[in-house]
Amino acid sequence: MKIIRSPSAMTAWSEGLRREGVRIGLVPTMGALHDGHRALIRAARLRCDALAVSIFVNPTQFGPREDLTKYPRHISRDRALCRKEGVDVCFEPTAEAMYPERFQTIVTLPTIARRWEGEVRPHHFSGVATVVTKLFGIVRPQISYFGQKDFQQSALVRQLVEDLNLGVTIVVGSTVREKDGLALSSRNVYLSPDDRVRAVTLYRSLQAGADVIRRGVRAGKVIQTAMHRVVKAEPSMAVDYLVVCNPHTLEPLSMVTGKAVLLGAVRLGPVRLIDNLLVTAF
Ligand code: AMP
């Protein structure tokens, strides 16, 4: 497995392969890899001839009071995971190489980034959209893999690719969970043992929403009340949002008539948890 740090060397590697008709896959990550990342890497490995995983803790998607400096970094463990999964290149650029002093372009998607995560983290999605655009420009993959865990992010990436004609096929992999249902996240290591037990309440609240839909409830408000009720039973958990939305536009639904996504974000001590469930009302 190659470790490439310079963007121009990364592009040279890809361009050489593209000329030979090789199908290149990219799994963008911020490192601290877990089984959720592993599942994306495995899915990509099956479908791509050459596979790059980027490991870059992107400073532009962190707010000033967020955890950029404390974000978990385990580069040798990450490289070992990538090597074991048959990754061809770990692309590990520095922040200086990605954002040199003269850098000024910002990519924004005002509508899809407006609500939910966008409200709580105002600059987050322009940071994500900008770095994804850059990674696609540098790595030039034909296919790239994202996790449903970050539902709004994957919707934004699909929109970005369509709007800017980036020519990358986006595959969204299902959320990988712990045995109790908690979605895996690099930030789960911040949870205290007690909070780790409580953390599953978010998933349970989404399940409660899905249950009432299965039982025939269609009114958005009633579904949301069912989700809130579960979280309210856990006083140490504060809700940022718990909503039922159209899975394409991410606008809230007053009535669920077909596919919907239940989106949730809560705070538990110093940790923010996000999760979602896709549901269909028949
Ligand atoms: P991150 O390193 O947190 O930026 O995540 C890199 C990619 O892995 C993103 O596309 C995430 O949505 C995806 N991902 C993170 N957690 C999970 C999970 N539990 N299951 C599936 N994919 C995930």
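Indexing begins at 1, ligand by ligand and atom by atom, following the structure's order.
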*Asks:* Heavy atoms only: which of Arg177, Lys149, Gln153 lies closest to atom 9 (C) of ligand 1?
*Replies:*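 Shortest heavy-atom distance from atom 9 (C) of ligand 1: Gln153.
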*Asks:* Would you mind running through ligand 1 and noting each atom that sits below 4.0 Å from a heavy atom of Thr29?
*Replies:* 2 (O), 6 (C)
*Asks:* Please determine whether a side-chain nitrogen of the Lys or Arg among Lys2 and Asp88 lies less than 4.0 Å from a carboxylate oxygen of the Asp or Glu.
*Replies:*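 Salt bridge absent between Lys2 and Asp88.
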*Asks:* Mind checking whether Leu40 contacts ligand 1 via backbone (N, CA, C, O), side chain (CB onward), both or neither, at a 4.0 Å heavy-atom cut-off?
*Replies:* side chain
*Asks:* Determine whether any heavy atom of Pro28 lies closer than 4.0 Å to an atom of ligand 1.
*Replies:*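 Per 4.0 Å heavy-atom rule, Pro28 contacts ligand 1.
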*Asks:* Are Ser186 and His37 close enough that some pair of their side-chain heavy atoms sits under 4.5 Å apart?
*Replies:* yes
*Asks:* Going by the side-chain hydrogen bond (donor to acceptor under 3.5 Å, both in side chains) test, name the single residue among Asn58, Thr94, Thr130 that passes it with Tyr99.
*Replies:*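 Answer after filtering Asn58, Thr94, Thr130: Asn58.
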*Asks:* Would you call Arg38 and Glu85 a salt bridge, taking side-chain N to carboxylate O under 4.0 Å as the test?
*Replies:* yes
*Asks:* Report, in ascending order of atom number, the atoms of ligand 1 lying under 4.0 Å from any heavy atom of Gly36.
*Replies:*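 Taking each heavy atom of Gly36 in turn, ligand 1 has 18 (C), 20 (N), 21 (C), 22 (N) under 4.0 Å.
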*Asks:* Quick check on contacts: which atoms of ligand 1 are under 4.0 angstrom from a heavy atom of Phe146?
*Replies:* 10 (O)
*Asks:* Indicate yes or no: does an N/O atom of Asp150 lie under 3.5 Å from an N/O atom of ligand 1?
*Replies:*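 Such a contact does occur with ligand 1.
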*Asks:* Considering only heavy atoms of Met30, which atoms of ligand 1 have at least one such atom less than 4.0 Å away?
*Replies:*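 Those of ligand 1 that fall under 4.0 Å from Met30 are 1 (P), 2 (O), 4 (O).
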*Asks:* Could you identify the single nearest non-hydrogen protein atom to atom 20 (N) of ligand 1 and state the distance to 0.1 Å?
*Replies:*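 The closest one turns out to be Val176 N, 2.9 Å.
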*Asks:* Could you check whether the rings of Tyr241 and Trp116 sit parallel, tilted or perpendicular, using 30° and 60° as the cut-offs?
*Replies:* tilted
*Asks:* Between His34 and ligand 1, which part of the residue brings a heavy atom under 4.0 Å of the ligand: side chain, backbone, both or neither?
*Replies:*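 The side chain, only.
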*Asks:* Counting only heavy atoms, which portion of His37 has something under 4.0 Å from ligand 1: side chain, backbone, both, or neither?
*Replies:*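 The part of His37 near ligand 1 is the side chain, not the backbone.
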*Asks:* Provide the closest heavy-atom pair for Cys48 versus Ile143 in the form atom of the first, atom of the second, distance.
*Replies:*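 Residues Cys48 and Ile143, closest heavy atoms: SG-CD1, 4.1 Å.
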*Asks:* With a 4.0 Å cut-off on N to O distance, would you call Arg73 and Asp78 a salt bridge?
*Replies:*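 Looking at Asp78 together with Arg73, the answer is no, because their closest N to O distance does not fall below 4.0 Å.
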*Asks:* If you draw a 6.0 Å radius around NE2 in His228, do more than 12 non-hydrogen atoms from other residues or ligands fall strictly inside?
*Replies:*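 Atom NE2 in His228 is packed in, count exceeds 12.
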*Asks:* How long is the straight-line distance from CE of Met255 back to CZ of Arg218, given to the nearest 0.5 Å?
*Replies:* 8.0 Å
*Asks:* I'd like to know if Asp240 and Arg272 make a salt bridge, using a cut-off of under 4.0 Å between side-chain N and carboxylate O.
*Replies:* yes
*Asks:* Pull out every atom of ligand 1 sitting under 4.0 Å from any heavy atom of Ser174, numbered as shown with elements.
*Replies:* 20 (N), 21 (C)
*Asks:* Would you say Ala32 touches ligand 1, if touching means a heavy atom closer than 4.0 Å?
*Replies:*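 So Ala32 does not count as touching ligand 1.
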*Asks:* Show me which atoms of ligand 1 lie under 4.0 Å from any heavy atom of Leu184.
*Replies:*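 Every atom of ligand 1 under 4.0 Å from some heavy atom of Leu184: 16 (N), 17 (C), 18 (C), 19 (N).
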*Asks:* If hydrogens are left out, which of Gly31, Ser144, Ser185, Gly147 has an atom nearest to atom 22 (N) of ligand 1, that is, the closest non-hydrogen atom?
*Replies:* Gly147
